[in-house]
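Below: one structure, written as structure tokens.
What you are looking at is a predicted structure, and each value in this text was computed from that prediction instead of being measured.
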Amino acid sequence: MTTITLRARAALLASAPLLLGVLPLAIAPAQAQAVRSAPTAMPIAPSVPDAVDTPYPGTIRIDVDATDLAHRVFRTRQVIPVAPGTQTLTLLYPEWLPGHHGPDGTIDALNGLRFLVDGKPVPWTRDNVEVYAFHIALPAGAREVTAEIVYTSPVTGSEGRVVMTDDLMNLQFNQMTLYPAGHYMRQIRVKPSVTMPEGWATATALDGQTQAGNVVSFAETDYQTLVDSPIFAGKHHKSWTIADDVTIEAFAHDPEDLVMPEGEQEALSAMMDEAYALFGSRPFDHYEFLIALSDELGGIGLEHHRSTEITLSPGTFKSWEDGQYPPEFGFSVDVIPHELVHSWNGKYRRPALTWTPDYRQPMRNDLLWVYEGMTQYWDLPLAARSGVNTKEMTLGEIASAAGSYTIEPGREWRALVDTTHDPITANRKPKPYSTFSRGEEYYNEGALIWLEADMMIRTETNGAKSLEDFARRFFAAQDGDYGERTYGFDQLVADLNAVYPYDWASFLRERVYTAGAPAPVRGIELGGYELVFKEEPNPFRAGIQEEYDYLNLYYSLGMSVNDDGKVRGVVWDGIAFDNDIITGQTIEAVNGTAYSPEVMQDAITAAKDGTPIELLVKRGEDYRTVSIDYTGGLRWPWLVKTGKGETLLDRFLESKR
């Protein structure tokens with residue numbers, strides 16, 4: 001660039017006005033290089049007090065109006081006492097929710113906020129760093145604050161989980177209440193009540209339930225217990241007692257769904273007996289299974305210390321016949337023993353870094369392969385031993401889990417422990433290539449790791465010891481204690497060594513903390529079975545496919561397809577992937593015939609003689625023909641015995657009553 005002096009530039013400007021639009025362009029790059037704005041960071045000053053283990057002064061009254069079924073709206077009124085001289089009150093909306101394993105608070109539905117002192121509105125601001133916190137300025141002499149909240153729950157599934165319908169309701173107090181910052185949740189006293197629609201029944205683990213008209217009130221409790229005690233309510237309700245102080249509280253749109261054959265009730269009672277035999281204690285004083293038989297209420301399976309929230313398909317209970325559920329219902333009922341086990345594992349015994357004093361402090365999920373993985377493991381024998389599910393269904397569930405890890409390239413780069421962060425990083429949204437990205441596999445892979453540990457102990461001690469000895473030691477509780485006992489990795493290893501001395505630390509680190517671990521099938525093999533592939537789905541897989549109307553071809557063509565031909569998932573580097581078939585495309589025809597699951601399966605079987613499979617695939621408005629050379633036939637995972645007689649895995653699934 002030509003250098004120009006200030007004197008020369010002035011002369012040019014004076015004598016050649018036409019250059020005014022040119023000269024700045026010529027010298028702008030030099031100026032840009034010479035001067036560059038560069039701010040410095042503003043420090044973030046703490047604005048929300050950390051929780052301390054001291055009582056909050058006074059008891060908070062919480063009144064929820066749940067009668068606006070037309071608009072699916074809850075209205076809450078909280079009366080919050082404040083200590084004399086308080087100038088600013090900071091209230092928090094629950095963010096990090098137990099059982100969700102992530103910051104899943106539905107604050108977007110929190111609306112209509114108003115705070116009043118002596119009936120007059122007072123100003124409030126949302127914290128600009130911690131947006132779940134609200135600061136309320138109080139006038140002199142304020143003794144209590146009234147908070148008014150409108151919680152606009154989802155009207156359709158596209159807006160979030162539906163929690164209110166014309167017939168049913170799932171009320172979670174964390175969604176429609178605030179709590180004062182600076183105190184452990186267990187130190188905040190509350191007195192709750194709910195106004196229900198006319199004639200509705202109400203079920204919850206909260207104590208001291210009374211009713212006057214439509215207002216259902218509960219005994220004073222602490223905020224932690226309140227949030228851990230959701231409500232199911234509805235027009236049609238039935239209750240069954242399955243053990244001392246343990247009930248099934250079922251709700252349905254159609255009262256005809258509230259039928260439980262005698263054998264089914266006996267199996268659920270046996271499940272409780274098997275759980276007590278397994279753990280040797282019960283960390284609750286009473287327990288309610290809150291179950292909605294609904295396809296309108298949003299799906300849920302969420303653990304609580306003295307209850308659980310579960311939705312099952314309508315007709316599940318009455319489908320019981322000849323001592324079992326049909327596959328389309330049977331695959332899903334394992335959620336019942338799973339959530340029960342959580343009372344011991346996840347609620348009573350909880351990883352130290354997962355336990356938090358309030359719903360503001362982040363949870364650290366590194367031990368979810370114990371919290372969820374071991375729970376997944378123990379729900380298998382409880383279902384099979386009690387008769388809640390058949391042995392064949394349970395073996396099918398194990399096979400389905402193990403089979404999925406034989407076709408998962410994501411194992412090469414991502415260790416199992418890293419998937420414990422998925423509830424935070426992915427927030428449980430669908431992924432385009434889940435076999436490559438991996439998901440929340442600490443559930444099923446965790447269960448298979450614990451299967452291996454159990455079968456090792458049984459093998460090395462000739463059946464004298466098992467992981468059940470560990471369970472009775474590790475989860476030992478004083479009956480009725482629904483508090484929490486925390487643990488870390490070292491405590492876990494120490495209790496395993498107390499049952500059977502071994503290098504458990506290395507065992508777990510190799511399988512959980514190391515990428516590239518082999519498919520976890522060794523426990524199956526030690527248990528006397530092997531993973532094989534057959535040309536028909538096992539009962540567990542068949543039930544899932546029937547209930548959700550799709551065909552799982554992951555082990556053959558490397559994709560799954562809805563019954564209408566729409567591709568719902570593709571295996572990374574599988575056959576479909578290599579032929580540029582991806583999620584969302586539609587298979588219009590197979591070998592010249594309109595797509596149906598039967599036509600697709602017939603074509604895969606016929607191709608075993610070497611005939612290519614011709615697929616007409618639609619992507620947007622474009623069509624193309626894909627010719628696939630595949631001769632392996634249909635494939636689904638199964639477990640089969642490797643020898644004769646009873647195996648260790650057989651004994652694991654036998655009743656202990």
Side-chain angles (χ1 to χ4, degrees), residues 44-66 73-96 105-152 171-195 206 208 215 217-227 356-361:
I44 298 176
S47 55
V48 178
D50 291 332
V52 294
D53 199 7
T54 58
Y56 183 78
T59 298
I60 300 172
R61 299 197 307 275
I62 297 174
D63 302 303
V64 178
D65 184 339
V73 167
F74 298 86
R75 292 177 172 83
T76 302
R77 184 175 184 270
Q78 293 182 242
V79 180
I80 306 162
V82 294
T86 302
Q87 296 179 336
T88 301
L89 175 67
T90 298
L91 297 177
L92 301 175
Y93 186 74
E95 180 178 7
W96 290 80
T106 52
I107 197 167
D108 57 300
L110 191 73
N111 293 292
L113 280 181
R114 287 210 319 157
F115 301 100
L116 304 100
V117 174
D118 295 329
K120 298 178 181 179
V122 292
W124 62 271
T125 58
R126 188 192 301 262
D127 195 276
N128 66 357
V129 175
E130 299 191 43
V131 295
Y132 282 66
F134 301 89
H135 305 293
I136 299 101
L138 302 182
R143 301 304 298 268
E144 64 181 27
V145 176
T146 297
E148 294 179 351
I149 298 167
V150 178
Y151 184 78
T152 53
L171 189 157
Q172 298 172 328
F173 285 98
N174 54 275
Q175 292 186 323
M176 55 204 67
T177 61
L178 301 169
Y179 67 98
H183 299 267
Y184 279 24
M185 297 171 296
R186 65 189 181 207
Q187 294 278 21
I188 302 170
R189 303 298 295 175
V190 297
K191 181 68 171 68
S193 71
V194 180
T195 303
L206 287 171
V215 179
S217 300
F218 306 94
E220 182 178 312
T221 186
D222 60 83
Y223 190 71
Q224 176 178 316
T225 301
L226 181 74
V227 169
T356 59
D358 62 8
Y359 302 127
R360 167 182 171 244
Q361 180 171 310

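- Residues Asp65 and Asp63 fail the side-chain proximity criterion, which asks for heavy atoms closer than 4.5 Å.
- Minimum interatomic distance between Ser47 and His135 (heavy atoms only, all atoms of both residues): O-CE1, 3.2 Å.
- Side-chain atoms of Ser193 and Arg61, non-hydrogen and from C-beta on, never get closer than 4.5 Å to each other.
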Please lay out, stage by stage, how Gln187 and Thr54 fare under the test side chain to side chain contact (heavy atoms under 4.5 Å, CB included).
CA-CA 6 Å; Gln187 294 278 21; Thr54 58; 5.6 Å; no
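- Contact between Val117 and Ala142 at its shortest, heavy atoms only, is CG1-CB, 3.9 Å.
- One distance of note links OG1 of Thr146 with CG of Leu116; it measures 6.0 Å at 0.5 Å rounding.
- Side chains of Val52 and Asp50 form no contact here, defined as non-hydrogen atoms less than 4.5 Å apart.
- Distance alone, capped at 3.5 Å, places no donor-acceptor pair between the Thr90 side chain and the Ala181 backbone.
- Scored by the ring-ring contact (aromatic ring centres under 6.0 Å, His included) test, Phe134 finds Trp124 as partners (sequence neighbours excluded).
- Taking the six-membered ring where tryptophan is involved, the planes of His183 and Tyr56 are perpendicular, since the angle between them exceeds 60° and thus also 30°.
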Can Ile60 and Val79 be said to form a side chain to side chain contact (heavy atoms under 4.5 Å, CB included), step by step?
CA-CA 6 Å; Ile60 300 172; Val79 180; over 6 Å; no
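- Heavy-atom neighbours of Gln87 CD from other residues, nucleotides or ligands within 6.0 Å: at or below the threshold of 12.
- Using a 4.5 Å cut-off on side-chain heavy atoms (C-beta onward), Val227 and Met185 make no contact.
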Apply the test side chain to side chain contact (heavy atoms under 4.5 Å, CB included) to residues Arg126 and Leu113: give CA-CA distance (whole Å), side-chain angles for both, the deciding distance (0.1 Å), then the verdict.
CA-CA 11 Å; Arg126 188 192 301 262; Leu113 280 181; 5.6 Å; no
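- Within the model, atoms OH of Tyr184 and CD of Gln361 stand 8.0 Å from one another, a figure rounded to the nearest 0.5 Å.
- Here the closest heavy-atom approach between residue Val122 and residue Pro139 is recorded as CG1-CD, 3.8 Å.
- Here the side chains of Leu91 and Ile80 are in contact, with some heavy-atom distance below 4.5 Å.
- The structure places OH of Tyr179 at 4.5 Å from CG of Leu92, a figure rounded to the nearest 0.5 Å.
- Using a 4.5 Å cut-off on side-chain heavy atoms (C-beta onward), Val194 and Leu171 make contact.
- A distance-only check finds no donor-acceptor pair linking the side chain of Arg360 to the backbone of Glu130 [under 3.5 Å].
- For the atom pair CZ of Arg75 and OG1 of Thr195, the computed distance is 12.0 Å after rounding to the nearest 0.5 Å.
- Contact check for Thr177 versus Tyr223: side-chain heavy atoms found under the 4.5 Å cut-off.
- Atom CD of Gln224 is separated from atom OG1 of Thr356 by 8.5 Å, given to the nearest 0.5 angstrom.
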Can you check side chain to side chain contact (heavy atoms under 4.5 Å, CB included) on Asp222 and Arg189, steps first, answer last?
CA-CA 4 Å; Asp222 60 83; Arg189 303 298 295 175; 3.9 Å; yes
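- Of the inter-residue distances, the one linking Tyr93 atom OH with Asn174 atom CG reads 6.5 Å to the nearest 0.5 angstrom.
- Within the 4.5 Å cutoff, the side chain of Leu110 has heavy atoms near those of the Leu178 side chain.
- Applying the 6.0 Å contact sphere to CG of Asp118 captures no more than 12 heavy atoms from other residues, nucleotides or ligands.
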